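None of these values were measured; they are calculated from a predicted model. Numbering starts at 1 and runs along the sequence shown. Excluded from the calculations below are hydrogen atoms, water molecules and symmetry mates; all remaining heavy atoms, backbone and side chain alike, are included.
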Amino acid sequence: MKHFLSLADISRTDLVDLLELAMQLKDEWRSGGNAPLLRGKVLAMVFQKPSLRTRVSFDMAMRHLGGDALYLSPNEIGLGQRESIADVSRVLSRYVQGIMARVFAHDDVVELARHATVPVINGLSDFSHPCQGLADLLTIREHLGRTEGVRLTYLGDGNNVATSLAFGCALLGMDFTIASPPGYALPEAVVARARGLAGDREFVDLIPDPHAAVRGTHVIYTDTWTSMGQEEEAERRAKVFPPYQVNASLVRVADPKVIVMHCLPAHRGQEITDEVADGPRSVLFDQAENRLHAQKAILARLMA
C-alpha cells in the first residue's frame, strides 16, 4: 500500500490489517502512550476545505507517534492555481515524509499521488472519504464485536461518505442498504464498483423508503444534507431530505441493539434529532475519537 486514496484501492487484507493495527494503537495509547514510530518524520497537511476533525486528528496522531504535522492553508498553497499540483507534490516530497490532502476534486489528490515520492493520504475529496470510512468500520467492530454479516443502512445523500462505506462494507462482508431522495442516489458507477469488490455476494440494497430501509438493521448512518461547496443547493435540498431524518420513530424500526452513526458536523434538527444524537444508541463521538486511532494506523503503515 503506497498511498491511501480510496477504500476501493486497497485489498480486504490491507483493510483488516489497518483495523487490527488501529485497535492495537488505541489500546497502547490508553495504556500509557504510543511508541514513537514516526520520530523525526513530518506530515504536510494540505487543506482546500477547513475541518475540525481532520486537522486535529491528523496533527495529534503524528504527535502521539513521535512525529510532527505541518498545516498548509489554501492561501499558502493555491493548489492548481498559484502553482501546479504536480509541482506542489514534487516540492513537498523534498521536505516531508508524507502528505495528507483535504480537497474538493478527487482528481487533485490523485494528481498529488501521481507525482509524489512520499505517501499521499486522501483526507477528503468529492469522491471519497476513506479516513472517515476506516474510523467508522473500527467503531462498528468495537460496538458490535464483528463486521461480517452486519447490516449498515445509510440515509441521505449518496455522497463521498456513502461511497466509502459502500466500499468498506463490500470488502468486509457487510450488507449495505442506502435510502436517498430521487436525484441524490449513490452513482451507478460506485454501486457497480462496490459490487465488484464484494465478488459474488449480493450485499447492496437500494431502497427508497427510509423506514423500510432501516427495518432490522444493525447500523443507521446519516450525514449532512448539504456538504461544503453545495451551499447554493441548500434551499432545494432542505425540501426533499426531511423524510430521511434519523429520529426516534425511525430508530425504533431497527434492530433493538442498533447503533446510530454520523460523521459530523451534524445539523441537529435536520438530518438527525437531538434525542437520537445524544441518546443511548448514538456512537457519534466514539466515531470522532476513532478518526485519531484509525489514522494512526494509516500513518504507521505508510510512513513508519
Side-chain angles (χ1 to χ4, degrees), residues 47-55 73-75 79-81 101-109 122-133 136 152-166 176-191 205-214 217 219-251 253-254 260-279 282 284-285 287-288 291:
F47 281 82
Q48 286 184 331
K49 301 175 74 171
S51 170
L52 167 63
R53 278 152 295 277
T54 299
R55 179 175 179 180
S73 71
N75 291 336
L79 200 64
Q81 298 175 353
R102 181 176 167 91
V103 301
F104 286 96
H106 188 70
D107 286 347
D108 287 354
V109 75
N122 178 8
L124 174 140
S125 69
D126 59 356
F127 171 69
S128 180
H129 199 350
C131 294
Q132 181 67 56
D136 295 337
L152 183 151
T153 299
Y154 178 96
L155 302 179
D157 190 18
N159 60 13
N160 49 3
V161 172
T163 293
S164 292
L165 290 169
F176 180 77
T177 301
I178 183 167
S180 304
Y184 297 93
L186 202 60
E188 291 182 9
V190 169
V191 174
D205 285 316
L206 310 176
I207 301 177
D209 178 69
H211 280 79
V214 303
T217 197
V219 182
I220 296 174
Y221 199 116
T222 190
D223 191 6
T224 179
W225 294 340
T226 305
S227 298
M228 197 178 304
Q230 299 173 331
E231 288 79 8
E232 72 282 356
E233 302 177 27
E235 186 175 347
R236 174 159 49 90
R237 286 170 174 261
K239 294 177 181 177
V240 299
F241 278 94
Y244 298 84
Q245 182 189 72
V246 177
N247 50 42
S249 65
L250 185 136
V251 172
V253 178
V260 177
M261 307 182 78
H262 190 309
C263 56
L264 301 178
H267 296 81
R268 291 163 175 258
Q270 294 185 18
E271 72 270 9
I272 192 168
T273 62
D274 284 340
E275 182 181 10
V276 174
D278 299 324
S282 170
L284 271 63
F285 300 102
Q287 281 178 267
R291 286 290 302 275

Report the residues that fulfil side-chain contact (heavy atoms from CB on, under 4.5 Å) with Ala212, sequence neighbours left out, ordered by chain and then residue number.
Ile207, Asp209, Arg215
Under the 3.5 angstrom rule, does the side chain of Arg102 hit a backbone N or O of Phe47 as a donor-acceptor pair?
no
Heavy atoms of Val240 and Pro181 approach each other most closely as O-CG, 3.9 Å
Search all heavy atoms of Cys131 against all heavy atoms of Asn122 and return the closest pair with its distance.
SG-O, 3.5 Å
Could you tell me if the side chain of Gln287 sits less than 4.5 Å from the side chain of Leu264, heavy atoms only?
no
Checking the side chain of Ser180 only, and the main-chain atoms of Gly156 only, is there a donor and an acceptor separated by less than 3.5 Å?
yes
What I want to check is whether the side chains of Ser249 and Asn247 have a donor and an acceptor closer together than 3.5 Å.
yes
Do Leu250 and Pro210 have side chains that approach each other closer than 4.5 Å (heavy atoms only, starting at C-beta)?
yes
Backbone N or O of Tyr244 within a donor-acceptor pair of the Glu271 side chain at under 3.5 Å?
no
I'd like to know if the side chain of Ser164 and the backbone of His129 have a donor-acceptor N/O pair within less than 3.5 Å.
yes
Show the nearest heavy-atom pair for residues Val260 and Val251, with the distance to one decimal.
CG2-CG2, 4.1 Å
Smallest heavy-atom separation, Ala162 atom then Leu186 atom, equals CB-CD1, 3.8 Å
For the CD1 atom of Ile178 and the CG atom of Leu152, what is their distance to the nearest 0.5 Å?
9.5 Å
Partner residues of Ala101 under the side-chain contact (heavy atoms from CB on, under 4.5 Å) criterion, sequence neighbours left out
Val46, Val103, Val109, Leu112
Is it the case that Arg237 and Thr226 place a side-chain donor and acceptor less than 3.5 Å from each other?
no
If you round to the nearest 0.5 Å, how far is NE2 of His262 from OG1 of Thr222?
5.5 Å
Scanning both residues in full, the closest heavy-atom pair of Pro74 with Gln48 reads CG-O, 3.8 Å
Checking Leu79 against Phe104 for the side chain to side chain contact (heavy atoms under 4.5 Å, CB included) test, could you report, in this order, the C-alpha distance in whole Å, the side-chain angles of both residues, the deciding distance, and whether it holds?
CA-CA 11 Å; Leu79 200 64; Phe104 286 96; over 6 Å; no
Rounded to the nearest 0.5 Å, the CG atom of Asn160 sits from the CG atom of Leu124 at a distance of 5.0 Å
Side-chain donor or acceptor of Ser282 paired with backbone N/O of Ala277 under 3.5 Å
yes
Just so I know, are the side chains of Pro265 and Arg53 near enough to count as touching, which here means a heavy-atom distance under 4.5 Å?
yes
Check for a donor-acceptor pair, side chain of Asp126 on one end and backbone N or O of His106 on the other, with a separation under 3.5 Å.
yes
Using atom types as modelled and distance alone, determine if a side-chain donor or acceptor of Thr273 lies under 3.5 Å from a backbone N or O of Gly269.
no
Nearest heavy-atom approach of Leu155 to Ala213 is CD2-CB, 4.4 Å
Nearest 0.5 Å, what's the CH2-NZ distance between Trp225 and Lys239?
13.5 Å
The criterion is side-chain contact (heavy atoms from CB on, under 4.5 Å); which residues satisfy it with Asp107, sequence neighbours excluded?
none
